[in-house]
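See below for the structure under consideration.
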There are 2 protein chains.
Amino acid sequence: MAADPLSRVFSALADPTRRDMVARLALGDATVNELAAPYDVSLQAVSKHLKVLEDAGLVSRSREAQRRPVHLEAQVFDLMTKWIERYRRAAEQRYRRLDDVLAAMPDDVSPTTGQEGPS
Amino acid sequence: MAADPLSRVFSALADPTRRDMVARLALGDATVNELAAPYDVSLQAVSKHLKVLEDAGLVSRSREAQRRPVHLEAQVFDLMTKWIERYRRAAEQRYRRLDDVLAAMPDDVSPTTGQEGPS
DNA sequence: AAACTTGTCAACCAGCTGGTTGAACAAATG
DNA sequence: CATTTGTTCAACCAGCTGGTTGACAAGTTT
């Protein structure tokens, strides 16, 4: 498992079951059994999903008797948000720039023929 | 390819090469050849990567002579941002709530013994 | 100590992924 | 029309992924 942190986070959230678990954990900590309840898969499969989320840093597990409460970690989200915002903003700016060009274009200029008004 | 949109986007960005391409495209449109230049893989591999990005809605391709300029689409980013913000905020609020509890706790209260300060 | 609860580890399997090569298609150019 | 340029399609392969089952470790309960 040598992937960079960002790849691990995106990859972890690429699975709908895992995103669902994150949604559940946003409401509060939960045990593996509690998390497994809604899904029609083995407990082992859920355990694996949690390992993926943990390796991505999205989740942490403590020990409490024989239970392993799972806790959502908010910090890692920032890693994604930072990356996304960076490029979204760039793409949007370029878009807006084109928008300005179109807005500034006089109404009587046809896109196909270019400016051709009488002198 | 039956995955939901959100899974497709996260999955597409889980690959560092693909994230790199998005970064490149944030600077402006590019052809497949231009995008392939920095990487030591076949053009076909790059073409596949672009297909993944396109299927995720992160990118669109037009036609211009025999070239296929690739364009970054900003809208899809919002899908992710919305999802992330929703759960990040929830997790942070729960965190902050605990923070408030700790902050409101009188200094002379030991966590293990409970309140025992003089009246 | 025995039994039950909670969860993980290990081995296995089918299907997806990212890479390859070779052929083919599309459009401009000689 | 033949060639070159730009890109995609098809078949194949190794490795990862998400699922399974069986064994077992750790802790609690009786």
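Predicted, not measured: the structure shown is a model, and the values here were computed from it. Below, read A as the first sequence line, B as the second, and so on, with proteins coming before strands; counting in each chain starts at 1.
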Is the phosphate of [N] approached by [X] (side-chain N or O, under 4.0 Å from OP1 or OP2)?
X	N	answer
A:Asn33	C:dG7	yes
B:Ser47	D:dT7	no
B:Arg61	D:dT7	no

Sorted by first residue and then second, give each salt bridge (Lys or Arg N to Asp or Glu O under 4.0 Å) pair with at least one member in [range]; sequence neighbours left out.
range	result
residues 11-27 of chain B	A:Asp4-B:Arg19
residues 27-37 of chain A	A:Asp29-B:Arg94
residues 69-84 of chain A	A:Asp78-B:Arg88

Of all residues at least two apart in sequence or in a different chain, which pass the side chain to side chain contact (heavy atoms under 4.5 Å, CB included) check with [X]?
X	result
B:Ala37	none
A:Pro38	none
B:Ala23	A:Tyr87

Per the end-axis method with five pairs at each terminus, what is the bend angle of the helix from C:dA1-D:dT30 to C:dG30-D:dC1, to 10°?
10°
Return a table of donor-acceptor pairs under 3.5 angstrom between the side chains of residues 50-57 of chain B and protein atoms on other chains or two or more places apart.
residue : atom : partner : partner atom : Å
B:Lys51 : NZ   : B:Asp55 : OD1          : 3.4
B:Lys51 : NZ   : B:Asp55 : OD2          : 3.3
B:Glu54 : OE1  : B:Arg61 : NH1          : 2.3

Under 3.5 Å between N/O atoms: give me all the protein pairs with nucleotides 16-21 of chain C, atom names plus distance.
residue : atom : partner : partner atom : Å
C:dG18  : OP1  : B:Arg18 : NH1          : 3.1
C:dG18  : OP1  : B:Arg18 : NH2          : 3.0
C:dG18  : OP2  : B:Arg18 : NH1          : 3.2
C:dG19  : OP2  : B:His49 : NE2          : 2.3
C:dG19  : N7   : B:Lys48 : NZ           : 3.1
C:dG19  : O6   : B:Lys48 : NZ           : 2.2
C:dT20  : OP2  : B:Ser42 : N            : 2.9
C:dT20  : OP2  : B:Ser42 : OG           : 2.8

If you compare all heavy atoms of B:Ala26 against all heavy atoms of A:Ala90, which two are closest, and at what distance to 0.1 Å?
CB-CB, 3.7 Å
Under 3.5 Å, which protein N or O atoms sit close to an N or O of nucleotides 26-30 of chain C? Give each pair with its distance.
none

